[in-house]
Peer 1: 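Take a look at this one; I'll ask things after.
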Amino acid sequence: MADAVAGISLDGEQVPVRSGADSGLRPAFVSAEAVANPGDLRVEVMDPHDLWDARDAGLRGAVEQAAPALIEASVPIVTAAVVERVAVRTAAPRTETVRPRPVAAPAAAPAQAPVLTTLQLGAFSSPDAARAAWTRIAAAGDSVAALSPRFEAVEVDGRTLTRLKVVASQDAARAVCRAADAAQLGCLRRS
């Protein structure tokens, strides 16, 4: 099959037709009775996709036909098993005493700390370029300008770069990303 698929020409060139024996197909066995009564013999040539579809349709039909009978046959068995389990559980006397536990007063919900997100706004060739980028971003407004940027020196492929990062709440992070987009810079979230 793989050879047949691999042998399909993609450039429109005609491929020579191979015989069934060349393709590795076995000859069909036909009885003398089938030859005498050709109406009883049905031969179909199907491509692999049609064959899979026919197989799947046959399986679906078989399952759909058998399901009601299987369900009907299993009902008495399942019912008996359930009744037996319930009978065993209710027949055993309970010896333990159930005492109510004291319930503590619900504690006041602790104030939730804001969820902080680390944003990387770029990797620049020098610390000065990173600071200039932050100046352009911080010009977007007071909520962005109030944040404290971090400048991290990193070595990437033998080059020293300066990453511009800032830690912000989710609302402030959205404002920073909008400002970075306006300044034509990136905004990569690193939670």
Side-chain angles (χ1 to χ4, degrees), residues 1-120 165 167-178 181 186-191:
M1 178 68 176
D3 291 334
V5 172
I8 296 173
S9 173
L10 299 178
D11 58 5
E13 179 182 318
Q14 291 295 325
V15 178
V17 177
R18 299 186 308 176
S19 69
D22 292 340
S23 300
L25 300 175
R26 297 183 307 243
F29 173 74
V30 180
S31 67
E33 184 180 328
V35 172
N37 297 318
D40 295 340
L41 179 64
R42 182 175 169 202
V43 177
E44 290 186 37
V45 177
M46 303 174 85
D47 69 20
H49 299 289
D50 291 337
L51 186 61
W52 280 100
D53 292 343
R55 185 206 67 171
D56 290 344
L59 290 177
R60 275 195 297 275
V63 170
E64 290 167 356
Q65 275 184 327
L70 289 173
I71 292 169
E72 196 170 318
S74 66
V75 167
I77 298 167
V78 172
T79 304
V82 170
V83 168
E84 183 181 327
R85 282 215 170 161
V86 170
V88 168
R89 286 188 180 173
T90 56
R94 291 190 116 178
T95 57
E96 57 189 69
T97 306
V98 179
R99 294 185 184 152
R101 289 188 219 159
V103 178
Q112 289 184 340
V115 177
L116 298 178
T117 302
T118 300
L119 303 173
Q120 180 175 324
K165 291 184 174 184
V167 177
S169 68
Q170 289 182 348
D171 291 336
R174 282 191 282 277
V176 169
C177 285
R178 281 193 301 270
D181 288 341
C187 182
L188 181 63
R189 292 178 187 263
R190 307 253 177 161
S191 298

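Worth saying up front: this structure is predicted, and the values here are computed from it rather than measured. The first residue in the sequence is number 1, and the count goes up from there.
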Peer 1: Can you list the residues that meet the side chain to side chain contact (heavy atoms under 4.5 Å, CB included) rule with C187, with sequence neighbours excluded?
Peer 2: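 Checked C187 against side chain to side chain contact (heavy atoms under 4.5 Å, CB included); matches are L119, L121, C177, A180.
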
Peer 1: Under the rule for side chain to side chain contact (heavy atoms under 4.5 Å, CB included), what residues qualify as partners of R178, not counting sequence neighbours?
Peer 2: R174, A175

Peer 1: Where do A168 and A173 come nearest, in terms of heavy atoms and distance?
Peer 2: CB-N, 3.8 Å

